[in-house]
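Working notes, structure below.
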Amino acid sequence: MTQQTNSAPTGDVLIKNAHLLTQDPDLGELVGDLLVRDGKIAEIGTDLSAEGATVIDGTDRAVLPGFVDTHRHTWQGAVRQTGIGWDFGAYRQHIQLTWGPEYTPEDVYVGNMVGALGALDAGITTLRDESHIQNSPAHTDEAIRALQDSGIRGVFAYGWPSIDSNKWMLRGEATHPEDIRRVREQVLTEDSARVTLQAMLRGPELSTTEVSAADLGLARDLGIRSSMHVGNGPWGPQFRGIGSLGEAGLLGDDLLFIHCCTSDDEELKMLADCGAHASVSAAIEAVLPGLGAPATGRLLKFGIRPSLSVDTEATVAGDMFNVMRASLTAHNLGVSLVPDEYADLPTFTPRDLLEFATIAGAKASGLDDRTGSLTVGKDADLIVFRLDEFTTVPSADIAASIVGAGHPGNVETVLVAGKAAKWNGRLTHPDLDAIRAQAEKSRDRLLATPLVEG
Ligand SMILES: [Zn+2]
């Protein structure tokens, strides 16, 4: 066996004596070994050996499935953190009205690339890229190419153009771009590939119920899953995204509902009854005024195990540690500030949050047959988390250490289908300097655009 070296392994990997937080209900948590062979989790046990495998000493390390971010507008990567403290009006003015129409295919490529690399650096191995920058087929193709080049497991959720925003948003009546058919038939044809296709639809709150029916018909005809933003601030009670789909007989377990902040109880029950999924973007919901409170506790009340998501790096950090902590902070703030609304809601623990950030995300993305847990036979999408650094030592409870104090710097190694995207604390992508320079150029050009009045 070869001991761990500074250069990333090209073959099999054996992790020895690590704390395995498997997220597999049959295995739970154990101290043991995990063998990665041919990109898959081949064995989990004790005293494993493997001829020729690179060995990772798992002492003082936790190993868990890579995080799954179920909703991120990754194209905004090069303008990350430009809008800390924005309200929705400022977000709309900068992103949707000013920068979106200015994006070139090159901007989309580098935005997606830095977004995906940042995600990998933070231990996110699966990214559902909610891509509403389909300004031309070239924009679409570059978004997909970046996901493929980055090394991440990607779901490209095909949205709408970021030009002529009033046509597409705020009850716009245009139906979903037909170009999604081209992508399905010519670009992302294989559902077993590392990057696959889904649809990001506007749903009844951003378009209308009639448009949503047509859009869902298209996605289902193409055999792909769909997501929609619902429970968006005041539009939730006004247009009732989940409720209107339910009344139209359109709900199904192929749907992922994002936010759900102001969806009412009847709607959450409908969501649960049809086996659909939910994505809580707790960090952005907590900082963007008017979106509504994260629905974590309310979803749990109806038996829904939510997934978690970053949403946009323009206004929040791109790692899941921040989202997990925001879920807990927002919930407990609710208990303090509006006890009448929160008193009867279920609470949740660091272990629950790790489940939401991993296997629940894989289920919400329709990928739980290949990722989201340390299970023999699944693809080896996993992270090695250091517990011996002085932000976490001495750890009394590993899940609590990861959720309570974890940050991307603790993520030492990241494998996606057994391939090292991060090794010994460093991303392995060969073109990091060139990507950095390209991202700075894109940022400078976009930020120089005069703001468009709404
Ligand atoms: Zn979003």
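In listed order, ligands and their atoms are each counted from 1. Bear in mind the structure is a predicted one, so any value in this text is a computation, not a measurement.
Remark: Arg325 engages no residue in a salt bridge (charged side-chain N to carboxylate O under 4.0 Å, His left out) (not counting sequence neighbours). Residues satisfying the side chain to side chain contact (heavy atoms under 4.5 Å, CB included) test with Asp273, not counting sequence neighbours, are Lys269.
Using cut-offs of 30° and 60° on the angle between ring planes, the pair His229 and His259 is perpendicular.
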Legend entry - Test log, rule side-chain contact (heavy atoms from CB on, under 4.5 Å), inputs Met324 and Phe67: CA-CA 11 Å; Met324 290 192 285; Phe67 296 120; 4.1 Å; yes
Using residues 447-454 as the side-chain source, report each donor-acceptor pair under 3.5 Å to any protein atom, sequence neighbours left out, with the distance given to one decimal.
from, atom 1, to, atom 2, distance (Å)
Thr449, OG1, Arg445, O, 3.4
Thr449, OG1, Leu446, O, 2.9

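The Zn ion (ligand 1) has His71 NE2, His73 NE2, His229 NE2, Asp311 OD1 as its protein N, O or S neighbours under 2.8 Å.
Each of Arg220, Arg202, His176 was compared with Asp215 under the side-chain hydrogen bond (donor to acceptor under 3.5 Å, both in side chains) criterion, and only Arg202 meets it.
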